[in-house]
Amino acid sequence: MSVYQATTSAPVNIACIKYWGKRNESLILPTNSSLSVTLSQDNLRSTTTARADPSFAADCLWLNGKVDPIKAGGRLHTCISEMKRLRAAFEAANPDQPKIATFNVHICSFNNFPTAAGLASSASGFAALVYALAKLYALPQTPEELSLIARRGSGSACRSLFGGFVAWDMGSDDTTGLDSKARQVAPESHWPEMEALICVVNDAKKGTSSTSGMQRTVVTSALLQHRIGSVVPSRMADIESAIADKRFGDFAEITMRDSNQFHAVALDTYPPIFYMNDVSRAIIAIITEYNRLSEQPKAAYTYDAGPNAVIYALTPNVREIAQLVLYYFPQAEKVVIGGQEVHAALPEGFNEAVAKQWEVGSVKGLIHTRVGDGPRVLSHSEALLNAQGLPKTLA
């Protein structure tokens, strides 16, 4: 008997120009365009196995070893149904193909990093889900076309269908949303020196989800309207130009300004939303002082809807930045970059008083990574489902 199964992985992306707010909740159409950097799957990724089988009684999904209900009309249901619809159309156009569109599916997904902690787990998760189903169903759709479906699961998931530097164009068609999709601005090979140091400040599930936070912001924040109309369009053009020319100083300033404004919009929401904490703000002060020492910024902090800092930097400066972070946030475990252990140190001329030295554990861990590729097809040996179509972790 034939086994219809595929296993894929998809990367995390961290936005430089933030997506925050929907103009259409059902289609997940954003109030503004956004741009992100795809991070290497060698460090952060979601892995998903999808199998279609006539013996399965119902569609079922397991996330990190636990059943994740597929609610009728919910985002998981929407993505799975749309992928089945595309398979049915493919079968109609190719009568020789096996008729598996009507089979129920078992899907098992695993994130190798904390879920719902502000590290873009929903982005990589839904991208891996859609890509696994696309491979299971042997669909001819391009990543750009698949991004339309991933977007319906989690808006930023559309950007995880590409590697490198990725824009999500907001589009203008509010009826179908067919022009609201992801576009690769530059591949990872364009700027391989781009690296990231992630400071895991809190790996717990965040108090205010992105979905509910956005809904509140759209209704109550006057600053959001200014951001949508007067700020983001020019920033999108400016950061794409900076990436094309590999001007890190401009890239860094735009990234930090946009992070600041996103969190100002969260504060302008009523009641206000606080995603950052005192540790987050201390990291901002440290990076600001570090950049003061040079003519152009050498580091760029950015924060999504959570307290965890992502610091973008070019390869020659990453070690020095890690030394600086360790000075203020000592780690219980040793930190290794480029095969060598990193020790706490301050650059010459650095004003030590910009922040206090925190106790061990204030930053729970440092993840060193770099710009990376888009979704991957994995081997049969990496499948998460066993021969019976159940999660191997439950066997």
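Keep in mind that the numbers below use all heavy atoms, side chains included, and drop hydrogens, waters and symmetry copies.
- With sequence neighbours excluded, the residues satisfying side-chain contact (heavy atoms from CB on, under 4.5 Å) with T269 are R216, T217, T220, S221, I273.
- At a threshold of 4.0 Å, the pair D169-R183 counts as salt-bridged, since one of the basic side-chain nitrogens sits closer than that to a carboxylate oxygen.
- Counting heavy atoms from C-beta outward, L346 and E352 have side chains that approach closer than 4.5 Å.
- For CD of E359, the number of neighbouring non-hydrogen atoms (other residues, nucleotides, ligands) closer than 6.0 Å is greater than 12.
- How far CD of E240 is from CZ of F251: 12.0 Å, rounded to the nearest 0.5 Å.
- At a threshold of 4.5 Å between non-hydrogen side-chain atoms, the residues W62 and H106 count as touching.
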*Step-by-step side-chain hydrogen bond (donor to acceptor under 3.5 Å, both in side chains) determination, W168 to S180*: CA-CA 7 Å; W168 173 13; S180 182; 3.0 Å; yes
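- Using modelled atom types, no side-chain atom of N94 and backbone atom of Q97 make a donor-acceptor pair closer than 3.5 Å.
- A salt bridge is defined here as a Lys NZ or Arg NE, NH1 or NH2 lying under 4.0 Å from an Asp or Glu carboxylate O, and R51 with D53 fails to meet this definition.
- When all heavy atoms of I337 and A322 are compared, the pair lying nearest together is CD1-CB, 3.6 Å.
- A donor-acceptor contact shorter than 3.5 Å links the side chain of S33 to the backbone of M170.
- Remark: F110 engages N64, N112, L384 in a side-chain contact (heavy atoms from CB on, under 4.5 Å) (not counting sequence neighbours).
- With rounding to the nearest 0.5 Å, the separation of CG in N317 from CZ in F248 is 7.5 Å.
- Partners of D68 according to the salt bridge (Lys or Arg N to Asp or Glu O under 4.0 Å) rule, which considers only residues two or more places apart in sequence or in another chain, do not exist here.
- P11 has its side chain out of reach of L44: every pair of non-hydrogen atoms, C-beta onward, lies at least 4.5 Å apart.
- Side-chain atoms of Q296 do not come within 3.5 Å of backbone N or O of S294 as any donor-acceptor pair.
- A side-chain donor-acceptor contact under 3.5 Å links S147 to the backbone of E144.
- Using a distance-only test at 3.5 Å, with no hydrogens or angles considered, a donor-acceptor pair links the side chain of S280 to the main chain of N277.
- Side-chain polar atoms of H368 and E195 form a donor-acceptor pair below 3.5 angstrom.
- Q41 places a side-chain N or O within donor-acceptor distance of the main-chain N or O of G374, the cut-off being under 3.5 Å.
- A salt bridge is absent between R235 and D238; no separation between the charged side-chain nitrogens and carboxylate oxygens falls under 4.0 Å.
- Neither L27 nor L148 shares a network with the other; the hydrophobic side chains, linked directly or stepwise wherever heavy atoms of I, L, V, M, F, W or Y lie under 4.5 Å apart, form separate groups for each.
- Nearest heavy atoms, P98 versus Y4: CB-OH, 3.6 Å.
- Within the 4.5 Å cutoff, no side-chain heavy atoms of F165 are placed close to those of Q184.
- The heavy-atom pair separating G125 from S46 by the smallest distance is N-OG, 3.4 Å.
- Looking at N13 and T38, their side chains never bring a donor and an acceptor atom within 3.5 Å of each other.
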*Run the numbers on K84 and D59 for salt bridge (charged side-chain N to carboxylate O under 4.0 Å, His left out), then give the verdict.*
CA-CA 11 Å; K84 287 184 176 182; D59 293 335; 2.9 Å; yes
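- By the criterion of side-chain heavy atoms lying less than 4.5 angstrom apart, applied directly or through intervening Ile, Leu, Val, Met, Phe, Trp or Tyr residues, W191 is grouped together with I14 in one hydrophobic cluster.
- Atom OG1 of T393 sits about 10.0 Å away from atom CG of L390, to the nearest 0.5 Å.
- Between E91 and K99, none of the side-chain N atoms (NZ, or NE/NH1/NH2) sits under 4.0 Å from a carboxylate O, so this pair counts as no salt bridge.
- Closest approach of V371 and P192 over heavy atoms only: CG1-CA, 4.2 Å.
- We find the CG-CG distance between L76 and L129 to be 6.5 Å, quoted to the nearest 0.5 Å.
- Taking each heavy atom of P54 and F103 in turn, the nearest pair found is CD-CE1, 3.5 Å.
- For N291 and Y301, the side-chain atoms include no donor-acceptor pair closer than 3.5 Å.
- A continuous path of ILVMFWY side-chain contacts below 4.5 Å connects I284 to L324, so both sit in one hydrophobic cluster.
- With sequence neighbours excluded, no residue satisfies salt bridge (Lys or Arg N to Asp or Glu O under 4.0 Å) with D179.
- For E382, the side chain to side chain donor-acceptor pair (under 3.5 Å) test picks out S379, with sequence neighbours left out.
- Clustering ILVMFWY residues whenever any of their side-chain heavy atoms sit less than 4.5 angstrom apart, transitively, puts I28 in a cluster other than the one holding V219.
- For the pair K356 and W358, the cation-pi test (distance below 6.0 Å, angle within 45°) is passed.
- Counting heavy atoms from C-beta outward, C199 and V325 have side chains that approach closer than 4.5 Å.
- Contact annotation: the side chain of L136 never approaches that of M83 to less than 4.5 Å [non-hydrogen atoms, C-beta and beyond].
- The environment of CZ in F56 is crowded: more than 12 heavy-atom neighbours from other residues, nucleotides or ligands sit within 6.0 Å.
- One distance of note links CG of N43 with CD1 of I198; it measures 7.5 Å at 0.5 Å rounding.
- Between Y275 and H263, the angle of the ring planes goes over 60°, which puts this pair in the perpendicular group of the 30/60° scheme.
- Summarising the local packing, CD of E341 is surrounded by more than 12 heavy atoms from other residues, nucleotides or ligands at distances under 6.0 Å.
- Atom CZ of R257 is surrounded by 12 or fewer heavy atoms from other residues, nucleotides or ligands within 6.0 Å.
- The two atoms that bring L146 and V130 nearest to each other are O-CG1, 3.9 Å, heavy atoms only.
- Ion pairing between R23 and D173 fails under the 4.0 Å rule for side-chain N and carboxylate O.
- For the side chain to side chain donor-acceptor pair (under 3.5 Å) test with S154, the passing option among S121, S122, S124 is S122; the others fail.
- Between the OH atom in Y303 and the NZ atom in K18 there is a gap of 10.5 Å [rounded to 0.5 Å].
- Taking a cutoff of 4.0 Å between a charged side-chain nitrogen and a carboxylate oxygen, R227 and D268 do not qualify as a salt bridge.
- Looking only at side-chain heavy atoms (C-beta outward), Y131 and L161 come within less than 4.5 Å of each other.
- Side chains of L293 and F350 form a contact here, defined as non-hydrogen atoms less than 4.5 Å apart.
- The pair E193-R370 fails the salt-bridge criterion, with no side-chain N (NZ, NE, NH1 or NH2) lying under 4.0 Å from an Asp/Glu carboxylate O.
- Applying the side-chain contact (heavy atoms from CB on, under 4.5 Å) test to T211 and every residue at least two apart in sequence or in another chain returns K22, R75, S209, Q215.
- Side-chain atoms of N202 do not come within 3.5 Å of backbone N or O of G306 as any donor-acceptor pair.
- Applying side chain to side chain contact (heavy atoms under 4.5 Å, CB included) to M236 and the options V231, N32, L35 leaves one that passes, L35.
- Not a single donor-acceptor pair under 3.5 Å links the side chain of T302 to the backbone N or O of C16.
- When hydrophobic clusters are built by joining Ile, Leu, Val, Met, Phe, Trp and Tyr residues whose side-chain heavy atoms come closer than 4.5 Å, directly or via intermediates, I149 is grouped together with L61.
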